[in-house]
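Here the structure is laid out as structure tokens; the discussion comes afterwards.
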Amino acid sequence: IEGFNTGWCIAGEATAESYLSHSDIYIYFSNGIVPRVAIVFNRDLNQITEIRGIAKGQNLDPYIAPIVEEALTEGLEIEGEKRMLPGSERYLRVAQNMRRLAEIYMKHLQHQELTPEDLRFLYEIDRSIVGFGYERDPRIEEILRGRNIKKDLAKIFNCREDQIALKDTEVTDETVVLWGDLTSEIAQTWTKFPNKLIYIRRNADFGNSKVTNLGNLKRIGGDAYFENSKITRLENLEEIGGFAVFTNSQVEDLGSLRRIGASAVFGNAPIQNLGNLNEVVRKCYVRRDKKALISLLRGKGFEGKIVFED
């Protein structure tokens, strides 16, 4: 692979030797000559630990992505037979992301109209687009550059453009999407939560807010802070993409909340019902004297994620 400018550290003999001491490296060559993707299988961990392409930031180029997806789905061809390597499933979603992005990128190059589903994926409404490289795939910004954000979001959420707020000072009773942060300074001025607001793109700080419920809000993309708020139940909220901080809050019931994308900091919150919660990506921080809450967390299968706050 020397001389092909792949950007891979294993192009250096010393690094390659170090890798091979604990890992197997499978390289796909196009035409038997040009290296296109490297798959690293760590023998000690018994799983795939890296997949690197030759596009910018070691992402996959659009033509190799389908081949990698097939290999992860059906197995790598090793010594004449196909073998499924442990860890493949973890990278399969990434490969599917890259295939979808490649399809949208081709539409962009051909000046084709993007569907609401294309835009939903591109604007990362439900999940971030994770690639194989060290950097964010540059095609995302290239496609988004120059697009009308409000027009696209209105198409995604099936609402009017004037129902999209790009900052919290623009939020009205008619707002459906806040494409930014909800700061505590603005939340403290609200006496009731905007009933049509269903999506907050980034962080939401309800500290010292007078609102008592979250109305029809479905998702907070970043962190959520409930300290000293009057909210007792999360109602229709289904996902918090980042940290959820309940310390010094009055929250008792997590309602429809299914997923917390980082850690949950429960502190001294009087939580009595975890509702539909089934995923906390990182840790659950809880005080030792919160016996009932600890029991609820264990009942939900979070035993290994509990960290006691002393």
Side-chain angles (χ1 to χ4, degrees), residues 55-57 59-63 65 93-133 135-187 189-190 192-206 214-224 236-242 259 261:
K56 185 177 179 181
N59 282 293
L60 300 186
D61 66 79
Y63 304 102
R93 182 172 162 239
V94 181
Q96 292 167 341
N97 277 347
M98 293 300 95
R99 172 171 52 81
R100 183 76 186 278
L101 180 59
E103 292 168 353
I104 295 172
Y105 186 63
M106 290 304 296
K107 283 187 177 182
H108 165 72
L109 293 178
Q110 296 168 6
H111 305 290
Q112 296 180 21
E113 184 176 357
L114 300 185
T115 67
E117 292 74 23
D118 291 336
L119 293 171
R120 192 175 189 94
F121 174 83
L122 188 62
Y123 279 91
E124 303 172 280
I125 299 299
D126 304 302
R127 290 288 184 274
S128 298
I129 301 172
V130 179
F132 289 107
E135 302 174 5
R136 181 173 166 83
D137 196 298
R139 290 175 294 178
I140 300 171
E141 301 309 323
E142 181 181 339
I143 300 169
L144 290 175
R145 193 178 303 123
R147 293 194 67 88
N148 185 323
I149 295 176
K150 286 195 172 185
K151 183 177 180 180
D152 284 346
L153 293 176
K155 190 173 183 179
I156 294 168
F157 288 94
N158 192 28
C159 65
R160 303 187 310 271
E161 288 184 41
D162 64 2
Q163 291 180 298
I164 306 296
L166 299 183
K167 51 187 179 181
D168 57 1
T169 54
E170 299 175 355
V171 174
T172 69
D173 289 340
E174 291 295 308
T175 300
V176 172
V177 174
L178 169 56
W179 197 250
D181 296 301
L182 173 60
T183 61
S184 61
E185 289 80 7
I186 294 300
T189 67
W190 293 354
K192 65 183 181 66
F193 195 83
N195 194 51
K196 294 184 179 180
L197 184 58
I198 62 172
Y199 187 95
I200 297 175
R201 172 64 169 178
R202 297 193 178 95
N203 302 329
D205 190 345
F206 298 101
L214 298 180
N216 293 305
L217 186 66
K218 297 284 188 184
R219 188 174 193 270
I220 296 171
D223 303 334
N236 300 300
L237 185 65
E238 296 178 356
E239 182 171 2
I240 295 171
R259 182 178 187 271

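Hydrogens, waters and symmetry mates are skipped; everything else that's a heavy atom, side chains included, is used.
- Within 6.0 Å of the NZ atom in Lys56, the count of heavy atoms belonging to other residues, nucleotides or ligands does not exceed 12.
- Of all heavy-atom pairs spanning Ile200 and Leu217, the tightest one is CG1-CD1, 3.9 Å.
- Shortest non-hydrogen contact noted between Arg147 and Leu119 is NH2-CD2, 3.7 Å.
- Between the side chain of Asn97 and the main chain of Val94, no donor-acceptor pair closer than 3.5 Å is present.
- Each of Val177, Leu178, Ile149 was compared with Ile164 under the side chain to side chain contact (heavy atoms under 4.5 Å, CB included) criterion, and only Val177 meets it.
- Side-chain contact between Thr175 and Thr172 is present, with heavy atoms from C-beta onward closer than 4.5 Å.
- Of the possible donor and acceptor atoms, none in the side chain of Tyr199 sits under 3.5 Å from a partner among the backbone N and O of Phe157.
- Nearest heavy-atom pair, Thr189 versus Ile186, reported as atom, atom and distance to 0.1 Å: OG1-O, 2.6 Å.
- Checked by atom type and distance alone, the side chain of Asp168 pairs as donor or acceptor with a backbone atom of Thr183 at under 3.5 Å.
- Tyr105 is not listed as a side-chain neighbour of Asp137, based on a closest heavy-atom distance of 4.5 Å or more.
- In this structure, the side chain of Glu239 does not engage the main chain of Arg219 through any donor-acceptor pair within 3.5 Å.
- Using a 4.5 Å heavy-atom cutoff, the side chains of Lys150 and Trp179 are not in contact.
- Looking only at side-chain heavy atoms (C-beta outward), Arg127 and Arg93 come within less than 4.5 Å of each other.
- Rounding to the nearest 0.5 angstrom, the gap separating the NZ atom in Lys107 from the CG atom in Leu122 is 11.0 Å.
- Between the side chains of Asn216 and Asn195, at least one donor-acceptor pair of N or O atoms lies under 3.5 Å.
- When side chains are defined from C-beta on, Asp173 counts as touching Lys192, because their heavy atoms get closer than 4.5 Å.
- Between Ala187 and Asp205, the closest heavy-atom pair is CB-O, 3.4 Å.
- When the shell of 6.0 Å around CD of Glu113 is examined, it contains 12 or fewer heavy atoms from other residues, nucleotides or ligands.
- Closest approach of Arg99 and Ala65 over heavy atoms only: N-CB, 4.4 Å.
- Distance CD1/Ile143 to CG/Asp118: 9.0 Å, rounded to 0.5 Å.
- Contact record, Pro116 with Ile156: O-CG1, 4.1 Å, taken as the closest heavy-atom pair.
- The 12-atom threshold is exceeded at CG of Asn148, counting heavy atoms of other residues, nucleotides or ligands nearer than 6.0 Å.
- Looking at heavy atoms from C-beta onward, Ile125 lies in side-chain contact with Leu153 at the 4.5 angstrom threshold.
- A donor-acceptor pair is defined here as one N or O able to donate and one able to accept, closer than 3.5 Å; such a pair exists between the side chain of Lys155 and the backbone of Leu114.
- A donor-acceptor pair under 3.5 Å links the side-chain atoms of Asn203 to the main chain of Asp223, judged by distance alone.
- Checking side-chain atoms of Asn59 against main-chain N and O of Gly133 turns up a donor-acceptor pair under 3.5 Å.
- The backbone N or O of Gln163 sits nowhere less than 3.5 Å from a side-chain atom of Glu174 that would complete a donor-acceptor pair.
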